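Inspection log for the structure reproduced underneath, given as structure tokens.
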Amino acid sequence: MSKLTIAIVDYGMGNHASVTHSLRSLGYRVIISKKKEDLNIADLLILPGVGAFPAAIKLLKQFDLFNYLQLQASKKRPIIGICLGMHLLANASYEHTYTEGLGIIPGEVIKFNDNKFHIGWNTLKASTKDKVFKDFNDKQFYFNHSYRYYGPDQYVRGLAESTEIFPAIIKYEKVIGVQFHPEKSQISGINLLDSMIKGVVNA
Amino acid sequence: MLKKRLIGVVTIKNGWAVQSFGYKDYMPLGKPECLVENLSRWGVDEIIIQVIDRSKKRLGPDFKLLSKIAELGLDTPLIYGGGISSIEDAVEVIQSGADRLVLDSIIHDKPKIIYKLADHLGSQALIASMPMSYSKEDLLWLNYRDKKTTKISQDVYSLIKTGIISEVLLIDWKNEGKFNSFNNELKDLLKKNIDTPLIVFGGISHKDQLFELYRDPSISAVAIGNFLNYGEHKIQEYKNTLTDMPLRAAIYRDTI
């Protein structure tokens with residue numbers, strides 16, 4: 001089987017270096033681009049993200065990627081959103097101000113009840129029914145956020161708990177969103193990234 | 001449950017990783033990227049790299065260093081501090097491989113820009129570095145560039161209280177590099193004014209100290225610098241003595 005090509009969507013926000021190295025260490029070919037002709041040839045798109053939701057949406061629209069990503073999801077192309085990238089998949093976010101998201105996975109992004117941050121390593125309660133995630137139940141991953149996904153249970157594949165229980169993994173068709181940073185979660189993170197990529201590309 | 005963190009700190013001056021003592025004496029350790037790689041291999045929870053001459057010399061962030069570290073392909077969260085004076089700097093640092101930023105000079109010089117940084121990067125990415133001492137029951141905040149201390153202004157307290165930064169890196173700069181000497185009064189005084197989670201740093205070396213600090217609900221992480229260089233696998237060693245604490249267990253990587 002030839003190497004899979006993964007495109008990191010370069011919309012101006014995010015730590016591309018870490019994601020790139022993680023993917024290359026797993027043997028994938030990596031493209032970092034905002035050009036549709038580059039993104040079109042990839043087997044899977046990754047939406048990375050360190051940043052605030054409204055600024056990210058503004059940039060996606062500025063680079064004409066907002067509608068493009070919605071279209072790719074409707075064509076059932078595999079997409080993985082990481083942290084802010086996961087939030088962008090939802091219908092909307094209340095971060096700073098109400099902002100509409102890509103609407104690829106139904107749900108909204110809200111603040112934690114106690115207005116606290118959730119930063120550090122936490123245990124993932126992963127769905128043991130989904131073969132992509134089952135081996136990662138009770139493993140620890142690195143989180144760095146203060147907003148969380150809130151949506152129908154049917155899309156939730158993993159949970160974490162701080163002062164409240166919240167979704168850490170969401171999935172709809174070939175689109176996955178992870179709240180934590182697999183690329184910064186050492187061995188468990190790299191293995192999960194590989195499992196997710198193979199899981200959605202081969203689905 | 002969210003774990004408390006053990007953070008490794010690498011201090012860099014003139015391009016070299018150094019041991020720092022009381023913010024005034026420095027001893028070279030070697031190439032920063034080698035230290036960072038070791039910390040990651042030892043399974044530290046986060047790494048702070050603080051480049052202490054970038055703001056002072058107005059050199060901007062050390063992108064060359066970030067590039068070298070990015071080339072290592074580390075899978076440990078990285079926090080960068082040094083020379084960040086604009087939104088553009090901050091965004092580029094994140095794009096160069098940092099996950100979070102530790103801000104110091106910019107809080108002294110342009111506190112209002114922190115709000116804009118939060119708009120761009122999210123507050124979770126922002127940490128305020130606050131080297132502190134105290135005198136007559138008052139906390140004194142060090143501007144490390146001119147070595148002058150001042151009381152923390154209400155504006156700065158207000159900025160922190162708005163929640164636009166996620167954590168405060170509280171540094172006992174006078175005791176930095178001294179064994180077992182972190183002054184708990186500093187955190188106790190600061191806690192009276194803010195409820196932002198604290199990362200404590202400076203003079204923390206002994207397991208009993210760590211026990212006590214981790215027991216404090218206001219402390220989210222303990223950062224250690226010099227003392228990690230006095231032996232191999234210090235991260236695992238510390239963690240193995242702290243198994244009763246809410247820390248991620250020590251991990252051992254296959255290095256072959």
Side-chain angles (χ1 to χ4, degrees), chain A residues 10 12-26 32 48-56 58-59 83-84 87 95-97 111 115-123 139-147 160-163 180-191 193, chain B residues 1-7 40-41 43-47 66-67 69-79 87 90-91 93-101 116-127 163-167 195-197 199 220-221 246-249 251-254:
Chain A
D10 179 15
M13 294 179 86
N15 179 348
H16 302 154
S18 305
V19 182
T20 302
H21 279 281
S22 299
L23 294 169
R24 287 189 177 141
S25 74
L26 290 166
I32 305 164
V50 175
F53 192 98
K58 190 177 168 188
L59 286 167
C83 194
L84 172 63
H87 292 179
E95 185 171 2
H96 299 320
T97 182
K111 215 165 173 47
N115 285 330
K116 299 282 188 196
F117 293 90
H118 179 244
I119 296 170
W121 294 78
N122 205 341
T123 307
K139 303 280 187 200
Q140 290 178 349
F141 294 88
Y142 180 75
F143 293 77
N144 183 20
H145 61 118
S146 56
Y147 285 78
E161 182 173 5
S162 58
T163 50
F180 48 87
H181 287 270
E183 80 281 11
K184 289 290 182 172
S185 297
Q186 300 177 350
I187 298 160
S188 299
I190 302 299
N191 290 339
L193 195 56
Chain B
M1 189 183 81
L2 186 65
K3 307 293 184 197
K4 297 200 176 197
R5 289 162 285 145
L6 179 58
I7 300 176
S40 181
R41 205 173 63 232
V44 74
D45 297 321
E46 278 179 325
I47 298 169
L66 282 165
S67 168
I69 291 172
E71 281 169 21
L72 299 172
L74 302 181
D75 51 15
T76 300
L78 189 72
I79 301 168
I87 292 165
V91 171
V93 167
I94 294 288
Q95 288 176 340
S96 302
D99 300 281
R100 305 176 72 199
L101 308 173
K116 289 182 182 167
L117 281 177
D119 281 345
H120 275 72
L121 298 171
S123 299
Q124 84 293 332
L126 306 181
I127 299 166
I164 63 157
I165 58 153
S166 54
E167 293 178 305
D195 63 358
T196 307
I199 302 169
S220 54
L247 282 173
R248 196 168 61 112
I251 62 161
Y252 295 86
R253 298 192 192 223
D254 194 353

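Note: hydrogens, waters and symmetry copies are ignored here, and every other heavy atom, side chains too, is used. This is a predicted model, so every value here is computed, not measured.
- The residue among B:S123, B:P197, B:A125 with the most heavy atom pairs within less than 4.5 Å of chain A is B:S123.
- In this structure, the separation between CG on A:L59 and NE2 on B:H120 is 7.5 Å, given to the nearest 0.5 Å.
- To the nearest 0.5 Å, the span separating CZ on A:F117 from CD1 on B:I165 amounts to 8.0 Å.
- Only the backbone of A:H145 comes within contact range of chain B, judged by heavy atoms closer than 4.5 Å.
- Between A:Y142 atom OH and B:K3 atom NZ the span is 15.5 Å, to the nearest 0.5 Å.
- Residue B:R248 touches chain A through both its backbone and its side chain, counting heavy-atom pairs closer than 4.5 Å.
- Closest approach of B:A118 to A:A52, counting heavy atoms only: O-CB, 3.9 Å.
- Rounding to the nearest 0.5 Å places CD of A:Q140 at 9.0 Å from CG of B:D45.
- Between chain A and the options B:L121, B:V93, B:V91, B:L74, heavy-atom pairs under 4.5 Å are most frequent for B:L121.
- In this structure, A:Q186 contributes its side chain and B:V44 its backbone to a donor-acceptor pair below 3.5 Å.
- The contact between A:S185 and chain B is made entirely by backbone atoms, counting heavy-atom distances below 4.5 Å.
- Side-chain atoms of B:L72 and A:H21, non-hydrogen and from C-beta on, never get closer than 4.5 Å to each other.
- The closest side-chain heavy-atom distance from B:E46 to A:N144 is not below 4.5 Å.
- Of the two parts of B:S96, only the backbone, made up of N, CA, C and O, holds a non-hydrogen atom closer than 4.5 Å to a non-hydrogen atom of chain A.
- Ranked by heavy-atom pairs under 4.5 Å with chain A, the first of B:S220, B:A98, B:S40 is B:A98.
- Within 6.0 Å of NZ in A:K111 there are more than 12 heavy atoms belonging to other residues, nucleotides or ligands.
- The CG atom of A:N122 sits 8.0 Å away from atom CE of B:M1, with the distance rounded to the nearest 0.5 Å.
- Counting heavy-atom pairs under 4.5 Å between each of B:G122, B:A70, B:A249, B:S166 and chain A puts B:S166 at the top.
- Here the shortest heavy-atom pairing between A:A17 and B:G97 reads CB-CA, 4.1 Å.
- The line from CD of B:Q95 to NE2 of A:H16 is 6.0 Å long, rounded to the nearest 0.5 Å.
- With a 4.5 angstrom heavy-atom cutoff, A:I119 touches chain B via backbone and side-chain atoms both.
- A distance-only check finds no donor-acceptor pair linking the side chain of A:K184 to the backbone of B:D75 [under 3.5 Å].
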